[in-house]
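Down below is the structure, laid out as structure tokens.
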Amino acid sequence: MTHEHAAPEGPTVSQLGEGQLLDAFLPVATTEGPHVLVGPGDDCAVVAAPGGSVVLTTDTLTLGQDFLTMWPSGRRTTGADLGRKCAAQNLADVAGTGAVPTAVVVSLTLPGNTPVQWVTDFAEGLSRAFEELGATECALVGGDLGRGEELSVTATVTGRCVTAPVLRSGAPAGGVLVHAGVLGHAAAGLEALQCPVPGAWDAVPAQLRDALESAQLRPRPPVTTGPALARAGALAMMDVSDGLLRDAGRIARASGLHIDLEPRALEPHVNSLAPAGEAVGGDPWQWVLTGGEDHGLLAVLPVDSRLPPGVRAIGSCAPAAPGTVVPGSGANPGESSRRDPVGPAVTIGGRTSQQWFGRDVVEGWDHFEP
Ligand SMILES: [Mg+2]
């Protein structure tokens with residue numbers, strides 16, 4: 001294997017007290033930033049709230065459910081990978097509201113045999129992600145280290161708005177659906193990680209396989225594009241965490257309209273995955289339309305808006321057909337039931353996902369679906 005990452009050795013967390021573990025953790029983390037009034041060390045951190053409001057989000061990654069430390073492909077999720085992924089999915093939520101990330105608190109639940117090196121790698125990966133993703137105002141200001149049977153990390157991130165917060169519900173009929181980031185790479189990467197060696201993914205060029213696995217292990221959302229889209233006049237926005245069809249459906253339902261995706265605009269994404277699809281007999285369209293965890297940004301802008309760099313139009317919004325969507329009737333606030341049988345909130349070139357694929361497909365990722 002060219003990309004095998006060794007497991008860290010050395011002392012484990014149960015050989016260190018919590019104080020010593022913190023002493024190892026904090027020096028490798030970015031704990032200072034323009035909004036930190038009181039950093040780690042007290043009962044609470046104190047963070048400035050420029051503009052008078054705070055954007056707030058949280059996400060958990062649990063071993064077995066959200067990642068494996070050793071994948072069937074032979075690749076590991078390193079501490080640094082998990083730090084990057086933890087940062088990425090939270091920063092993307094802040095960006096998806098059109099805000100700039102300001103501070104993070106992290107809670108780690110660790111089995112006693114977790115190497116200390118893994119924990120410091122996590123802190124470093126988290127802080128590196130702030131830099132790499134352009135979240136330069138963001139700092140780690142506190143958190144909690146605890147012992148538990150299953151490895152689990154939770155981050156909570158605050159952000160500052162640069163405009164009014166951009167929600168899912170503001171899209172108008174006639175608006176242009178735009179996207180920034182990659183589509184389907186993390187889903188293809190998950191398949192690669194789950195494929196043992198030797199296996200079907202051996203036929204994929206090593207460089208491409210490595211890039212796709214990396215897209216799953218440490219996604220790179222376009223964090224700075226969120227505020228840029230807000231300034232460009234975005235009326236609705238979110239990050240694509242559960243797949244394009246499902247998340248576009250969330251905007252459509254929250255805004256009470258219909259979204260049609262433009263297949264030709266999605267072709268560059270499909271083409272970038274075609275060599276992998278051909279090699280393993282997979283359908284790149286399925287990765288692009290239903291794959292989650294890329295954490296790109298999906299927004300609706302007024303027609304004729306100037307698109308920020310890296311943003312491409314991928315569809316359009318139209319009035320919902322009567323009875324098609326019922327805002328507010330679903331499990332999540334502002335979301336109607338996607339099992340509503342009266343009509344699709346999202347189509348692809350005018351076709352439903354069933355018509356597009358010629359079969360029923362699961363339109364995206366859901367933690368609670370069997
Ligand atoms: Mg999100």
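Atoms within each ligand, like the ligands themselves, are counted from 1 in listed order.
- Contact detail for Ala230 and Thr163: the closest heavy-atom pair is CB-OG1, 3.5 Å.
- Listing protein N, O or S atoms at distances below 2.8 Å from the Mg ion (ligand 1), with waters left out, gives Asp93 OD1, Asp239 OD1.
- In this structure, a donor-acceptor pair under 3.5 Å is absent between the side chains of Glu124 and Ser127.
- Scanning all heavy atoms of the two residues, the minimum distance from Leu257 to Ala318 falls at CB-O, 3.2 Å.
- Note that the CG atom of Asp121 and the CG atom of Leu126 stand 12.5 Å from one another [nearest 0.5 Å].
- Using a 4.0 Å cut-off between charged side-chain N and carboxylate O, Arg128 and Glu131 make a salt bridge.
- Centroid-to-centroid, the aromatic rings of His269 and His185 stay 6.0 Å apart or farther.
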